[in-house]
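Contents: one structure, followed by commentary.
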Amino acid sequence: MLQLTTIRQDAEGVIAALAKRNLDARPAVEALLALNEQRRHLQAETENQQAEANRLAKAIGQLFREGKAGEADALKAESAAIKERLTQLAADLHALEEQERAQLVALPNTPHASVPAGKSAEDNEVVRTWGSAPDLGEGHVPHWELTEKYKLIDFERGVKITGAGFPVYTGQGARLQRALIQFFLDRNTAAGYLEVQPPHFINEASGFGTGQLPDKEGQMYHMTEDNLFAIPTAEVPVTNLLRDEIVPEADLPIKMTAYSPCFRREAGSYGKDVRGLNRLHQFDKVEIVCVEHPRKSYDRLEEMVAHVAGLLEDLGLHYRILRLCGGDMGFTSALTYDFEVWSAAQERWLEVSSVSNFETFQANRLMLRYRSTEDQKPHLAHTLNGSALALPRVVAALLENNQGPDGIAIPEVLRSYTGFDRITA
RNA sequence: GGAGAGGUGGCUGAGUGGUCGAAAGCGCCGGAUUGCUAAUCCGGUGUACGAGUCAAUUGUACCGAGAGUUCGAAUCUCUUCCUCUCCUCCA
């Protein structure tokens, strides 16, 4: 949620920034400003009436104590008249506030100055590429054939017990999952992130805080009986840990990491995008989350990007980093870097991490603030997060890129976790 | 699932219709002082949204949330959410 003060002070700047998202926000912004002005006007009037009502109530109390019941009755009549007006005013004000908020909540975050304008993934900017595509030679196959050949994942039985997109990891496949999760967590905690094990279900308030609700409930699994949602990412519970809190500036940055399964309905996906491990309804991910001082958040973002890059390099995966264009960026983000690894058998790039700075957009929904050492007042913090990393596509790339006639080689850094050097039949 | 108790400021905890944004203590901040990491004393110490020469200041709201009674609600009523205790169940 954008800050009203920002919009009031620089509506043109906001409109210009949102244009990078391929969005003409002028009508919405102008409607919002009109509502805001009406609301403030009505609020002032309402509060004046309330002040008057308060004065009268006090006067009546005073008269009663002095035993002047007759005079008090006269004031009561006056008070009743004010109350009648006030009832209407309060109702109107409430309605305006709701409209204003709905309008405000519907606006996406303003992209950072470095974000390129653009409509789709075509317009993303390749920032950096690391490594090179392995030459697999003859006889290589995509990962969904490898997982079957080596009995790493049982997709069919996953369909039986739950449905498509819910794979069952077995044997060395299951062990590899556990190894990757532990490797990522170890690396993240070594980099100063506090390990957290969050709940896998969240309530509505949490969904609102990080921007999944309203509007995106269709992407989450919903348990209607208890009105809880299965988390689409650990970002939601972890960032919400600090909802409605004011932290001392000295506590910043707050760096947390969490493993969790992630649940996504992915309605509307089809074709090669959902083949094998490419897109699942349930997958494992290790997430990193930071809460940072506004002046330092972009340095922190770069640090996170460097950290994620280090993970991929340790795994020896050919990857590239994209700076997302305005049109491809998520609703809540101000700047997003995507990491894509090369899937050698599919011959395509697969997204394995998305690292974003949300600036105050989430914090404003979360009421997540820090108390400034400069003015001793609360200010909205900046929140950031990134995948470090999402497992399925990392696994897909590892399997495909490292396949050979005598099995699949496990990267050196993972061997102490897997307990085997090679996946064999 | 059954029965009961309760939700007050950073914390503990008073407060059952008006002088309560809310006692007191603790904590924290500033200061004073005693010959020194303590003690004592004084003062200050919430948030949101408005108004404002956006500074001093000031208005309104907030005692889990929502609605109601009343001239007036932390205090009474209703609804709802949550927590705790006991029983039941259970990894």
Side-chain angles (χ1 to χ4, degrees), chain A residues 1-10 32-105 197 199-209 213 223-229 237 240-252 254 360 362-381:
Chain A
M1 181 163 74
L2 294 174
Q3 291 175 262
L4 259 175
T5 49
T6 311
I7 298 174
R8 281 179 64 185
Q9 284 164 11
D10 185 21
L32 175 60
L33 286 175
L35 278 169
N36 176 256
E37 194 176 330
Q38 278 183 63
R39 190 214 88 207
R40 285 184 290 120
H41 185 259
L42 196 58
Q43 180 174 339
E45 196 180 336
T46 305
E47 288 179 356
N48 284 338
Q49 292 295 314
Q50 275 167 336
E52 182 58 26
N54 287 345
R55 273 191 291 276
L56 282 171
K58 277 186 184 163
I60 291 168
Q62 186 61 34
L63 289 172
F64 269 120
R65 271 191 300 283
E66 292 167 3
K68 301 172 181 171
E71 294 179 39
D73 283 342
L75 289 186
K76 275 192 192 181
E78 198 176 332
S79 181
I82 287 182
K83 199 195 170 182
E84 200 169 319
R85 241 175 299 158
L86 207 45
T87 304
Q88 186 59 48
L89 281 171
D92 291 349
L93 178 62
H94 190 67
L96 266 180
E97 282 170 344
E98 290 208 334
Q99 285 178 52
E100 182 187 26
R101 185 166 175 83
Q103 192 74 238
L104 181 62
V105 161
Q197 272 199 39
H200 297 166
F201 296 167
I202 47 120
N203 57 27
E204 259 184 295
S206 296
F208 176 80
L213 297 175
M223 277 138 286
T224 53
E225 189 82 359
D226 300 293
N227 197 24
L228 297 174
F229 298 84
N240 271 281
L241 285 171
L242 293 164
R243 169 156 49 89
D244 295 323
E245 297 197 19
I246 302 172
V247 302
E249 182 175 333
D251 287 2
L252 302 179
I254 297 170
T360 59
Q362 289 183 330
N364 197 23
R365 292 168 157 246
L366 293 158
M367 285 303 275
L368 195 181
R369 292 158 294 166
Y370 68 95
R371 189 172 297 282
S372 165
T373 52
E374 285 165 36
D375 61 10
Q376 305 303 322
K377 289 180 183 162
H379 297 281
L380 292 175

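Hydrogens, waters and symmetry mates are skipped; everything else that's a heavy atom, side chains included, is used. Order of the sequence lines sets the chain letters (A, B, ...), proteins ahead of strands, with each chain counted from 1. Predicted, not measured: the structure shown is a model, and the values here were computed from it.
Within the 4.5 Å cutoff, the side chain of Ile7(A) has heavy atoms near those of the Leu104(A) side chain.
Here the separation of rA32(B) from rC84(B), taken at their P atoms, is 47 Å to the nearest Å. Comparing rU12(B) with rU85(B), their P atoms sit 16 Å apart, to the nearest whole Å. rC86(B) and rG17(B) are spaced 35 Å apart, taking the C1' atom of each and rounding to whole Å. Using atom P as the reference point in both rA23(B) and rG44(B), the two lie 12 Å apart (nearest Å). The gap from the P atom of rU77(B) to that of rU69(B) amounts to 15 Å, rounded to the nearest Å. Using atom C1' as the reference point in both rG18(B) and rU70(B), the two lie 12 Å apart (nearest Å). On the C1' atoms, rA48(B) is 16 Å away from rC63(B), given to the nearest whole Å. Across rG35(B) and rC42(B), the matching C1' atoms stand 23 Å from one another, rounded to whole Å.
For Arg8(A), there are no salt bridge (Lys or Arg N to Asp or Glu O under 4.0 Å) partners at least two apart in sequence or on another chain. Every residue meeting the side chain to side chain donor-acceptor pair (under 3.5 Å) condition with Arg39(A), not counting sequence neighbours, appears here in chain and number order: Gln43(A), Glu100(A). Annotation: side chain to side chain contact (heavy atoms under 4.5 Å, CB included) contacts of Asp226(A) (sequence neighbours excluded): Leu228(A). Residues forming a salt bridge (Lys or Arg N to Asp or Glu O under 4.0 Å) with Glu204(A) (at least two apart in sequence, or on another chain): none. Shown here are the side chain to side chain donor-acceptor pair (under 3.5 Å) partners of Gln38(A), two or more places apart in sequence or in another chain: there are none. By the salt bridge (Lys or Arg N to Asp or Glu O under 4.0 Å) test, Glu374(A) pairs with Arg295(A), sequence neighbours left out. Taking Arg101(A) as the reference, nothing meets the side chain to side chain donor-acceptor pair (under 3.5 Å) condition, with sequence neighbours excluded. Considering only residues two or more places apart in sequence or on other chains, Asn364(A) meets the side chain to side chain donor-acceptor pair (under 3.5 Å) condition with none of them.
A sub-4.0 Å separation between OP1 or OP2 of rA61(B) and a side-chain N or O of Asn54(A) is present.
In this structure, Asp244(A) atom CG and rG9(B) atom P are separated by 14 Å, rounded to whole Å. Following rounding to the nearest Å, Leu42(A) (CG) and rA61(B) (P) show an atom-to-atom distance of 15 Å. Put simply, CZ on Arg85(A) is 16 Å from P on rU60(B), counting in whole angstrom units. rA56(B) atom P lies 12 Å from atom CG of Asp375(A), rounded to whole Å. Residue Leu89(A) contributes atom CG, which lies 18 Å from atom P of rG50(B) at whole-angstrom precision. Here the P atom of nucleotide rC81(B) and the CG atom of Leu228(A) are 13 Å apart, to the nearest Å.
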Legend entry - Strand RNA chain B as a dot-bracket string - pairs counted if Watson-Crick or G-U with both distances under 3.5 Å, | where the partner lies in another strand: ((((((((.[[[..)..(.....]]]((((((.......))))))((((((.....)))))).[[[[[..)....]]]]])))))))....

Distance-only check: which donor-acceptor pairs under 3.5 Å involve side-chain atoms of residues 243-251 of chain A, not counting sequence neighbours?
from: Arg243(A); atom 1: NE; to: Asn240(A); atom 2: OD1; distance (Å): 2.7
from: Arg243(A); atom 1: NH2; to: Ser206(A); atom 2: OG; distance (Å): 2.9
from: Glu249(A); atom 1: OE1; to: Thr373(A); atom 2: N; distance (Å): 2.7
from: Glu249(A); atom 1: OE1; to: Thr373(A); atom 2: OG1; distance (Å): 3.2

Every protein N/O within reach of nucleotides 64-74 of chain B N/O, cut-off under 3.5 Å:
from: rC71(B); atom 1: O2'; to: Ser79(A); atom 2: OG; distance (Å): 2.5

Grab the N/O contacts between the protein and nucleotides 44-49 of chain B below 3.5 Å, and write none if there aren't any.
from: rU47(B); atom 1: OP1; to: Arg371(A); atom 2: NH1; distance (Å): 3.0
from: rU47(B); atom 1: OP1; to: Arg371(A); atom 2: NH2; distance (Å): 3.2
from: rU47(B); atom 1: O3'; to: Arg369(A); atom 2: NH1; distance (Å): 2.9
from: rA48(B); atom 1: OP1; to: Arg369(A); atom 2: NH1; distance (Å): 2.9
from: rC49(B); atom 1: O3'; to: Arg39(A); atom 2: NH2; distance (Å): 3.0
from: rC49(B); atom 1: O2'; to: Arg39(A); atom 2: NH2; distance (Å): 3.2
from: rC49(B); atom 1: O2'; to: Gln43(A); atom 2: OE1; distance (Å): 2.9
from: rC49(B); atom 1: O2'; to: Gln43(A); atom 2: NE2; distance (Å): 2.9
from: rC49(B); atom 1: O2; to: Gln43(A); atom 2: NE2; distance (Å): 3.3

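Taking each heavy atom of Leu380(A) and Thr360(A) in turn, the nearest pair found is CB-CG2, 3.8 Å. Nearest heavy atom pair, residue Pro237(A) against residue Pro199(A), reads CG-O, 3.7 Å.
Judged by closest nucleotide on RNA chain B, Asn36(A) is the one of Glu52(A) and Asn36(A) placed further toward the 5' end. With the nearest nucleotide of RNA chain B identified for both Ala44(A) and Gln50(A), Ala44(A) has the one nearer the 5' end.
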